[in-house]
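Please read these numbers as outputs of a predicted model, since none were measured by experiment. Values reported hereafter were calculated over all heavy atoms of this structure, with side chains retained and with hydrogens, waters and symmetry mates removed.
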Amino acid sequence: MYTLTKREKVLIYVMLFVGILAGMAYLLIIPAGNASSAYAEEIALESTQKTIMERTVSVKEQMSDEAAEQYDGLLKLVKDYYAPMTNDELDAHLTGLLFQNHVTPVSLSIDKRADYTDLSEVFVQTVSIAAYGNMSDVLVLLDAIKADPALKIASLSLQGSPGSAQASLSFNVEVYSYDKTLLPSAR
């Protein structure tokens, strides 16, 4: 039988050592590196998702602030508008306004069609009124209508001079109504 020399034994030991190192690299280090890169990809994905969520939260907060501002603007816009009225209620209200200012109505005609504005709950009714009275009373009536945010004079025809006692007028007034029960609940 053949015996191994010391040099051959050393070479075999070195080969075994290199083989063990190669096996360790193949079985332990390379999979650990792959797992490490997989974890790095997972961390990058989690980081991206975190950034997206932070942006989403930021956008939602901004939208919430904008919605609050729009809600406040809507409240300011419609706070003085009338509640929806039937034609009889509207007739009584406007006739009462005329009598309150000592102006005698001759005719009052309510347009059957109500126009909805950009805000679908706000609608405008057009009312045609003919009346007569003392010139100063007529001017006080027109000032009262002008001061009411729910009323807007669309057209006006006034006959009579500033010094005359009697004046007749015919005008169209737009009446703005808003159903306040349709307001979204407060924040």
Could you tell me whether the side chain of [Y] reaches within less than 4.5 Å of the side chain of [X], counting heavy atoms only?
| X | Y | value |
| --- | --- | --- |
| Val140 | Leu142 | no |
| Val124 | Val175 | no |
| Val10 | Arg7 | no |
| Leu4 | Ile12 | yes |

Working to the nearest 0.5 Å, report the span between [atom1] of [X] and [atom2] of [Y].
| X | Y | atom1 | atom2 | answer |
| --- | --- | --- | --- | --- |
| Leu16 | Tyr13 | CG | OH | 8.5 Å |
| Leu169 | Ile129 | CG | CD1 | 8.5 Å |
| Gln100 | Leu94 | CD | CG | 11.5 Å |
| Gln166 | Thr104 | CD | OG1 | 8.0 Å |
| His102 | Ser136 | NE2 | OG | 9.5 Å |
| Glu46 | Met53 | CD | CE | 8.5 Å |

Nearest non-hydrogen partners of [X] and [Y], listed with the distance:
| X | Y | result |
| --- | --- | --- |
| Asp137 | Asn101 | CB-O, 3.3 Å |
| Ile110 | Asp91 | CD1-N, 4.0 Å |
| Pro149 | Tyr81 | O-CE1, 3.7 Å |
| Met85 | Leu90 | CE-CD1, 3.7 Å |
| Met135 | Leu158 | SD-CD2, 4.2 Å |
| Ser177 | Ala83 | OG-O, 4.1 Å |

Going by atom types alone, do [X] and [Y] pair a side-chain donor with an acceptor below 3.5 Å?
| X | Y | value |
| --- | --- | --- |
| Asp148 | Tyr176 | no |
| Tyr82 | Gln125 | no |
| Ser168 | Gln159 | yes |
| Thr126 | Asn172 | no |

Please check if [X] and [Y] belong to a single hydrophobic cluster, counting links between Ile, Leu, Val, Met, Phe, Trp and Tyr side chain heavy atoms closer than 4.5 Å.
| X | Y | answer |
| --- | --- | --- |
| Phe99 | Leu97 | no |
| Val127 | Leu156 | yes |
| Tyr132 | Ile145 | no |

Next on the checklist: Is it the case that the side chain of Ser64 and the backbone of Lys60 share a donor-acceptor pair, with hydrogens and angles ignored and the cut-off at 3.5 Å?
Outcome noted: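 No.
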Checklist entry - Okay, side chain of Ser58, backbone of Glu54: is any donor-acceptor separation there less than 3.5 Å? => result no
Item to check | From CA spacing to verdict: side chain to side chain contact (heavy atoms under 4.5 Å, CB included), Glu8, Tyr2 | outcome: CA-CA 12 Å; Glu8 289 174 334; Tyr2 178 71; 3.3 Å; yes
Item to check | Residue list, side-chain hydrogen bond (donor to acceptor under 3.5 Å, both in side chains) with Ser170, at least two apart or on another chain | outcome: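 By the side-chain hydrogen bond (donor to acceptor under 3.5 Å, both in side chains) rule, Ser170 matches no residue at all.
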Checklist entry - Would Glu41 and Leu45 satisfy side chain to side chain contact (heavy atoms under 4.5 Å, CB included), going step by step from the backbone distance to the final call? => result CA-CA 6 Å; Glu41 288 176 9; Leu45 179 63; over 6 Å; no
Checklist entry - Counting only heavy atoms not in Phe171, do more than 12 fall under 6.0 Å of its CZ? => result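 Result for CZ/Phe171: enclosed.
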